[in-house]
Participant: 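Handing you a structure now.
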Amino acid sequence: MRVGVFDSGIGGLSVVKSLKEHQLFHEIIYFGDTARVPYGVKDKNTIVRYSLEALEFFKNFDIDLLIVACNTVSAYALDEMKAQADFDIVGVVEAGVLATKNALKNLNSEVLILGTNATIRSQAYKLALKKEGFTNLTSRATGLFVPLVEEGIFSGDILTSTMKHYFWDLKTPDAIILGCTHFPLIEKEISSYFKNTSRMIHSGEAMVEYLHVKYNLTSLSKECDMKFFASENPEALKKIAHKWLAI
Ligand code: DGL
């Protein structure tokens, strides 16, 4: 199976990492819109427009499935993209919701949803979880984590202060949805802030679980051919991909 993975930038590599580790595909075509990242501070019209342009890029490849690794795009543009594609498109929000449902048996469990400003503003996770019967939902836009991760700040004082700034009034939840491609890179620190007692929902792992349930996809092949494209400075993206994915 040849799959496309779309993200606003490099963060979607955290989803590719999970796909690769679980050996789900023979070929992965990755596109990061590095020229226009971040999407998480933009409005719906812009996010939809950029996403439809990215869709055109994937139409040049004979892909079987497109995975939208970007939470912001998944929250805002999935329906519009699906309407213009002749291949299946799945997003990390639906995957994250399924993973949360599978992880928590009690619908009164406290769920903390983290994401970019746009993702939280869309209420995509909140509405989908409510539909599943969850009642105890808190959302928080934690956009500053994105540039910190981009700067390679994965621990230390600046990250601790930023977490205090966002989380000071929160009780320890039962689960935390890392609703942004960048947050898995600081998962350990976020978990440790909440005393390592919350279940962490990671978009990449959630997607693997989702593909298993929806397409019955399990480990296929040890060989996975990966191609990386970016709207700006593809060499930098390739370099990071080789480092993160150890290829
Ligand atoms: N990829 C985005 C997401 O998962 C984070 C970066 C951005 O704001 O574009 O929401």
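Just so we're clear, the structure is a prediction, and the values are computed from it rather than from any experiment. Counting starts at 1 for both ligands and their atoms, following the listed order.
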Participant: Just jot down the ligand 1 atoms closer than 4.0 angstrom to any heavy atom of His182, in number order.
Facilitator: 5 (C), 6 (C)
Participant: Could you walk me through whether Lys239 and Glu235 pass the salt bridge (charged side-chain N to carboxylate O under 4.0 Å, His left out) test, one step at a time?
Facilitator: CA-CA 6 Å; Lys239 223 169 154 183; Glu235 290 314 315; over 6 Å; no
Participant: Could you go step by step and tell me if Asp169 and Arg140 meet the salt bridge (charged side-chain N to carboxylate O under 4.0 Å, His left out) rule?
Facilitator: CA-CA 11 Å; Asp169 59 336; Arg140 191 127 303 179; 2.6 Å; yes
Participant: Please state whether Cys180 comes within less than 4.0 angstrom of ligand 1, counting heavy atoms only.
Facilitator: yes
Participant: Distance under 4.0 Å to a non-hydrogen atom of Tyr39: what atoms of ligand 1 satisfy this?
Facilitator: 7 (C), 8 (O), 9 (O)
Participant: Answer with side chain, backbone, both or neither: which part of Val37 has a heavy atom less than 4.0 angstrom from an atom of ligand 1?
Facilitator: side chain
Participant: Just checking, Arg36 and Tyr50: is the charged tip under 6.0 Å from the six-membered ring centre and within 45° of the axis?
Facilitator: yes
Participant: Tell me: protein heavy atom nearest atom 10 (O) of ligand 1, and distance?
Facilitator: Thr72 OG1, 2.6 Å
Participant: Which part of Asp7 is near ligand 1, with near meaning a heavy atom under 4.0 Å away: side chain, backbone, both or neither?
Facilitator: side chain
Participant: With distance as the sole test, does His202 use its side chain to make a donor-acceptor pair with the main-chain N or O of Gly204 at under 3.5 Å?
Facilitator: yes
Participant: Does a donor on one side chain and an acceptor on the other come within less than 3.5 Å for Tyr39 and Asp33?
Facilitator: yes
Participant: Are the aromatic rings of Phe194 and Phe167 close, with centres under 6.0 Å apart?
Facilitator: yes
Participant: Can you list the ligand 1 atoms lying under 4.0 Å from a non-hydrogen atom of Ser8?
Facilitator: 1 (N), 2 (C), 6 (C), 7 (C), 9 (O)
Participant: Say whether, by atom type as modelled, one donor and one acceptor occur between the side chain of Tyr125 and the main chain of Ala75 under 3.5 angstrom.
Facilitator: no
Participant: Quick one: look up the protein heavy atom nearest atom 8 (O) of ligand 1 and list residue, atom name and how far away it is.
Facilitator: Gly40 N, 2.8 Å
Participant: For ligand 1, is any non-hydrogen atom under 4.0 Å from Thr181's backbone (N, CA, C, O), its side chain (CB onward), both, or neither?
Facilitator: both
